[in-house]
Amino acid sequence: MAEARWDGLRSRDAADREAALDSLRLAVLKASEAVAKAGHEQEQKEGSPGGSAPSAPGPRLNAMLARLLMLSKRCPFRDVREKSQAILGSVQELGIRIPRPLGQGPSRFIPEMEILQMSAEDPQMHALFAESFTTLGHLDNITLIMVFHPQYLESFLKTQHYLLQMDGPLPLHYRHYIGIMAAARHQCSYLVNLHVNYFLNVGGDPKWLNGLENAPQKLQNLGELNKILAHRPWLITKEHIEHLLKTDEHSWSLAELIHAVVLLTHYHSLASFTFGCGINPEIHCDGGHTFRPPSVSDYCICDITNGNHGAYEAQGPAANCTTTEPLCEVEALMEKMKQLQESRDETTASQEEKATRFEKEKRESMLVGCSEDEELAATRDVSRHFEDTSYGYKDFSRHGTHVPTFHVQDYSWEDHGYSLVNRLYPDVGQLIDEKFQIAYNLTYNTMAMHKDVDTSMLRRAIWNYIHCMFGIRYDDYDYGEINQLLDRSFKIYIKTVVCAPERTTSRMYDSFWRQFKHSEKVHVNLLLIEARMQAELLYALRAITRYMT
């Protein structure tokens, strides 16, 4: 199937799209007629009675039909949606089995009706959807969830496009392979599958996908940094950097290493977002569609195996909390914020008190478990893309090992990291900085049903709690505020999404901030992924700086 035909659908010119659709229609119908004919001949040979089950398409036609299904549901251009649907209808008329989507929309945590639909008439949304589609060739589920916050999504797409497609130190296939390596560390098959497709589309060697040991030695050497960055970034030293930069045939240049580090941190964090928001597989990828007919009952076993049973679960307390409990959670949080602000205005904690409170919060963060669910075994499909599958998150001061506190006034993103990235990989520091700023400062001055609320204290508590879990301290911050503003169920959710995202469950998502809107919970996830990315970058960039000096 010539790639150019699909590429034509990404054009902003309707005439180009129409020509590509006509060409695709002919190719798909030709392949479908061949399958139908073969099925008919088989029937005659076996003397099967008429009205037998529809013919099953082969893998190549399957992939085309799945892609058409995705386009019929997820394309911002109406002509492409409608004609893709019509082509699928024509194929079905030939007696060929066509796919249907699995799952309840882009997220299994957020009802589909609450996610802005493709047909939304908001011009800004449509422009963002069109931009994403013309760049990638499909509108992914991450974009559909992030669109709750268009200002952030615009910055995110711009950064990701630059990292993956614009001029830079690393070749395109390396970029996608590094994305696969990073996502695999958290068993994020959603991102792994996406980047396997991209990797092959830019000419990557399929043999590399059989396992990390089949990739070039240079990429294999990155495995150790990937592992430590993903799970225990405070252990990164200048020796790790030295090992990668040492002069031999497999060595990295400084500019290449900066590009790789940014990609690794980007995809570790994006795995956190994927699990934190319960992102479903893309319609055209494995687990996103089925060729089986729907079961007679509404409760289909395939929905359970694909993690979509949430839609059928009895409505638990979280779902009914607005009717069974007074609306006190939000008011209580707002009252705490007001009291903290008043006590801030009256007294300021001394540096010694602040240091003590940081150490106390750091110790307490180690007592917050990730998730009570048993450990998940990595599937071979994902685990082949990284080594040392038993290596995972461990709190930084376990077993008597003492990790020195990372003082932000000694090495900060604003004063040190930003300029290092921008110097070695121009414009990327600027793009990442803008994304950090938007996530940190994003506010609509609302909390659940309340308007005109200053949420800066709450946003700062979330950000600083994440950095505290990574041993990073802001000397001017009173860490006593964290326990006042973040309750235990929220802390468990934060720690799981940031440190072991593959263990995130819908119960955990439902159990924090029960009166808040889904858009506010997505906003929390944006804070989590950007704070995590910045923490990983701080440790990696500090090690690079130490190596350079």
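Scope of the values below: all heavy atoms of this structure, side chains included, with no hydrogens, waters or symmetry mates.
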Arg503 and Phe275: CA distance, side-chain angles, deciding distance, side chain to side chain contact (heavy atoms under 4.5 Å, CB included) verdict: CA-CA 8 Å; Arg503 297 191 195 175; Phe275 286 113; over 6 Å; no
Side chain to side chain contact (heavy atoms under 4.5 Å, CB included) assessment of Glu224 paired with Lys227: CA-CA 5 Å; Glu224 183 75 2; Lys227 175 178 90 171; 3.3 Å; yes
What's the verdict on side-chain hydrogen bond (donor to acceptor under 3.5 Å, both in side chains) for Tyr474 and Gln409, showing C-alpha distance, side-chain angles and the deciding distance? CA-CA 7 Å; Tyr474 295 82; Gln409 84 267 23; over 6 Å; no
Step by step, would you call Asn422 with Asp433 a side chain to side chain contact (heavy atoms under 4.5 Å, CB included)? CA-CA 10 Å; Asn422 239 25; Asp433 187 61; over 6 Å; no
When you look at Tyr425 and His259, which way does the side-chain hydrogen bond (donor to acceptor under 3.5 Å, both in side chains) test go after all the steps? CA-CA 7 Å; Tyr425 187 7; His259 194 169; 3.1 Å; yes
What verdict does the side-chain hydrogen bond (donor to acceptor under 3.5 Å, both in side chains) test give for Glu282 and Tyr190, after you've listed the backbone C-alpha separation in whole Å, the side-chain angles of each residue and the deciding distance to 0.1 Å? CA-CA 8 Å; Glu282 295 299 331; Tyr190 171 87; 2.3 Å; yes
Apply the test side chain to side chain contact (heavy atoms under 4.5 Å, CB included) to residues Thr265 and Leu229: give CA-CA distance (whole Å), side-chain angles for both, the deciding distance (0.1 Å), then the verdict. CA-CA 7 Å; Thr265 58; Leu229 256 184; 4.1 Å; yes
Begin from the C-alpha positions of Phe470 and Phe406 and carry the test ring pair (Phe, Tyr, Trp, His ring centres under 6.0 Å) through to its verdict. CA-CA 9 Å; Phe470 284 90; Phe406 187 126; over 10 Å; no
So Thr504 and Thr496, side-chain hydrogen bond (donor to acceptor under 3.5 Å, both in side chains) or not? Walk me through it. CA-CA 6 Å; Thr504 310; Thr496 306; 5.8 Å; no
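The shortest non-hydrogen separation linking Leu144 to Pro106 is CD1-CG, 3.8 Å. For the pair Pro281 and Asn141, the tightest heavy-atom approach, listed with the atom from each and the gap, is O-ND2, 3.3 Å. The minimum heavy-atom distance linking Asp248 with His250 is given by the pair OD1-N, 2.7 Å. Closest approach of Val497 to Gly276, counting heavy atoms only: CG2-CA, 3.9 Å. Nearest heavy-atom pair, Ala183 versus Leu191, reported as atom, atom and distance to 0.1 Å: CB-CB, 3.5 Å. Met447 and Thr455 get closest at one heavy-atom pair: CG-CG2, 3.8 Å.
Other residues, nucleotides and ligands contribute more than 12 heavy atoms inside 6.0 Å of the CD atom of Gln341. Sparse packing is recorded around CG of Asp167, with 12 or fewer heavy atoms of other residues, nucleotides or ligands lying under 6.0 Å away. Applying the 6.0 Å contact sphere to CD of Gln160 captures more than 12 heavy atoms from other residues, nucleotides or ligands. Residue Lys238 places its NZ atom among 12 or fewer non-hydrogen atoms of other residues, nucleotides or ligands, all under 6.0 Å distant.
Screening Arg460, Arg344, Arg459 for a salt bridge (Lys or Arg N to Asp or Glu O under 4.0 Å) involving Glu481 leaves a single residue, Arg344.
With a 4.5 Å cut-off on side-chain heavy atoms, Asp454 and Thr443 do not count as touching. The shortest side-chain heavy-atom distance between His243 and Glu239 does not fall under the 4.5 Å cut-off. With a 4.5 Å cut-off on side-chain heavy atoms, Asn221 and Gln217 count as touching. A heavy-atom distance below 4.5 Å is found between the side chains of Asn483 and Lys491. Residues Arg473 and Tyr479 form a side-chain contact, since some pair of their non-hydrogen atoms from C-beta on lies under 4.5 Å apart. Two residues are said to be in side-chain contact when any heavy atoms from C-beta on lie closer than 4.5 Å; Val196 and Ile180 meet this criterion.
Note on ring orientation: taking the six-membered ring where Trp is involved, the planes of Tyr444 and His523 are perpendicular (angle over 60°, cut-offs 30° and 60°). Between Tyr440 and Trp463, the ring planes are perpendicular. Angles over 60° get that label, and only those under 30° would be called parallel. Relative orientation of the Phe516 and Trp513 rings is parallel, given thresholds of 30° and 60° on the angle between their planes. Aromatic ring pairs are classed by plane angle as parallel below 30°, tilted from 30° to 60° and perpendicular above 60°; the pair Tyr177 and Phe199 is tilted. Note on ring orientation: taking the six-membered ring where Trp is involved, the planes of Tyr509 and His518 are parallel (angle under 30°, cut-offs 30° and 60°).
In this structure, the separation between CZ on Phe273 and CG on Leu528 is 10.0 Å, given to the nearest 0.5 Å. Rounding to the nearest 0.5 angstrom, the gap separating the OH atom in Tyr539 from the CH2 atom in Trp234 is 7.5 Å. Rounding to the nearest 0.5 Å gives a distance of 13.5 Å between CH2 of Trp252 and NZ of Lys246. With rounding to the nearest 0.5 Å, the separation of CD1 in Ile145 from NZ in Lys521 is 13.5 Å. Atom OG1 of Thr505 is separated from atom CZ of Arg108 by 8.5 Å, given to the nearest 0.5 angstrom. One distance of note links OG of Ser489 with CZ of Arg507; it measures 13.0 Å at 0.5 Å rounding.
Taking the ring centroids of Tyr267 and His186, they lie at or beyond the 6.0 Å cut-off.
A donor-acceptor pair under 3.5 Å is formed between the side chain of Tyr411 and the backbone N or O of Leu541. Formation of a donor-acceptor pair under 3.5 Å by the Asn280 side chain with backbone atoms of Gly105 is found in this model. The main-chain N or O of Leu170 is found under 3.5 Å from a side-chain atom of Arg175 such that the two form a donor-acceptor pair. When atom types are taken as modelled, the side chain of Asn226 and the backbone of Leu222 share no donor-acceptor pair closer than 3.5 angstrom. Within the 3.5 Å criterion, the main-chain N or O of His416 finds a donor-acceptor partner in the side chain of Ser419. One N or O on the side chain of Arg532 and one on the backbone of Val498 form a donor-acceptor pair closer than 3.5 Å. Looking at His467, its side chain does come within 3.5 Å of a backbone N or O of Ala531 through a donor-acceptor pair. The main-chain N or O of Tyr477 is never found under 3.5 Å from a side-chain atom of Asn464 such that the two would form a donor-acceptor pair. Checked by atom type and distance alone, the side chain of Ser132 never pairs as donor or acceptor with a backbone atom of Phe129 at under 3.5 Å. For the pair Glu256 (side chain) and Ser253 (backbone), a donor-acceptor distance under 3.5 Å is present.
In the model, His240 has a side-chain atom that pairs as donor or acceptor with a side-chain atom of Thr237 under 3.5 Å. Under the 3.5 Å distance criterion, with hydrogens and angles disregarded, no donor-acceptor pair is assigned to the side chains of His268 and Arg185.
In summary, Lys517 and Glu520 do not engage in a salt bridge, as defined by a charged side-chain N under 4.0 Å from a carboxylate O. Between Glu434 and Lys158, at least one side-chain N (NZ, or NE/NH1/NH2) sits under 4.0 Å from a carboxylate O, which counts as a salt bridge.
The side-chain tip of Lys435 does not point at the ring of Phe156 from less than 6.0 angstrom away and within 45° of straight on.
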